[in-house]
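What follows is a single structure, written as structure tokens, with notes after it.
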Amino acid sequence: MKLVIAIVQKEDSNNLQKALVKNNFRATKLATSGGFLSQGNTTFLVGCEDEQVDDILKVIKQESRAREEIATPHMVSTGYEITQPLKITVGGATCFVVPVDKFKRF
């Protein structure tokens, strides 16, 4: 068994949720936020058999879009305040696949 942990931008979460259901994958959806930009994300937890991992990752890749945005991070470095707007790429998906020793559904 494996646990796929997928962190996606909140704009992609509804489409991903629908695609997972359409492909008969059960998932738990959690509202989360990123550290650098403090923007909303959604984290999906998907338990699956080892042979399903590639199919799940394919669905996640198809439904998670990268996009460019202008962001103004607020950082203080060596006494100087940095508030310069930056062009950054956000979105896409960050996925972790971890082994599961035991799984129970009650």
Side-chain angles (χ1 to χ4, degrees):
M1 290 242 26
K2 298 286 191 228
L3 174 64
V4 178
I5 304 167
I7 304 164
V8 301
Q9 198 172 24
K10 67 180 178 182
E11 287 81 3
D12 295 326
S13 66
N14 287 336
N15 288 339
L16 177 55
Q17 183 178 19
K18 290 174 187 174
L20 289 170
V21 169
K22 181 180 177 182
N23 287 279
N24 296 315
F25 297 123
R26 292 180 171 206
T28 298
K29 182 178 171 183
L30 307 169
T32 55
S33 62
F36 179 62
L37 298 173
S38 299
Q39 291 185 339
N41 295 323
T42 301
T43 300
F44 287 88
L45 306 176
V46 187
C48 65
E49 299 298 331
D50 291 4
E51 59 273 3
Q52 294 176 305
V53 170
D54 289 337
D55 293 334
I56 291 169
L57 292 175
K58 183 178 176 183
V59 171
I60 293 167
K61 184 176 181 180
Q62 288 173 345
E63 299 299 330
S64 304
R65 309 280 183 258
R67 41 185 84 66
E68 286 192 346
E69 291 184 4
I70 302 296
T72 308
H74 182 78
M75 297 184 290
V76 177
S77 176
T78 62
Y80 295 97
E81 199 170 331
I82 303 169
T83 57
Q84 187 71 24
L86 300 171
K87 189 178 198 179
I88 58 169
T89 302
V90 298
T94 301
C95 297
F96 302 90
V97 179
V98 296
V100 174
D101 293 331
K102 192 174 194 178
F103 170 77
K104 295 273 189 184
R105 181 175 290 136
F106 298 103

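Heads up: numbering here begins at 1 and tracks the sequence. Remember, it's a predicted structure, so these values are computed and weren't measured experimentally.
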Check your understanding: For the atom pair CD1 (I60) and SG (C95), what is the distance rounded to the nearest 0.5 Å?
Key -> 4.0 Å
Check your understanding: How about V8 and K29: do any of their side-chain heavy atoms sit closer than 4.5 Å?
Key -> no
Check your understanding: What salt bridge (Lys or Arg N to Asp or Glu O under 4.0 Å) pairs are there with at least one residue in residues 2-13, not counting sequence neighbours?
Key -> D12-R67
Practice item. Write down the atom of N15, the atom of E63, and the distance for their closest heavy-atom approach. Key: CB-OE1, 3.5 Å
Review point. Can you tell me how far OG1 of T28 sits from CD1 of I5, rounded to the nearest 0.5 angstrom?
Key: 11.5 Å
Review point. Under the side-chain hydrogen bond (donor to acceptor under 3.5 Å, both in side chains) test, which residues partner T94, sequence neighbours left out?
Key: none
Exercise for review: Grab the two heavy atoms, one from C48 and one from V4, that are nearest each other, plus how far apart they are.
Suggested key: SG-CG2, 4.2 Å
Review point. OG1/T42 to CD/Q9 distance, rounded to the nearest 0.5 angstrom?
Key: 9.5 Å
Exercise for review: Kindly check if the number of other-residue, nucleotide or ligand heavy atoms within 6.0 Å of CZ (R65) is above 12?
Suggested key: yes
**Study point:** Where G47 and M1 come nearest, the two heavy atoms and their spacing
**Key:** C-CE, 4.4 Å
Exercise for review: State yes or no: do V98 and F103 share one hydrophobic cluster built from I, L, V, M, F, W and Y residues joined by side-chain heavy-atom distances below 4.5 Å, directly or via other members?
Suggested key: yes
Point to revise | Distance (rounded to the nearest 0.5 Å) between F44 CZ and L20 CG | key: 6.5 Å
Review point. Going from CG on L30 to OG1 on T43, what distance comes out if it is rounded to the nearest 0.5 angstrom?
Key: 6.0 Å
Check your understanding: Would you say V46 and V21 are hydrophobically clustered, going by side-chain heavy atoms of ILVMFWY under 4.5 Å?
Key -> no
Practice item. Any chance you could measure D55, atom CG, to E49, atom CD, to the nearest 0.5 Å? Key: 12.5 Å
**Study point:** In one Ile/Leu/Val/Met/Phe/Trp/Tyr side-chain cluster, 4.5 Å: V53, L3
**Key:** no
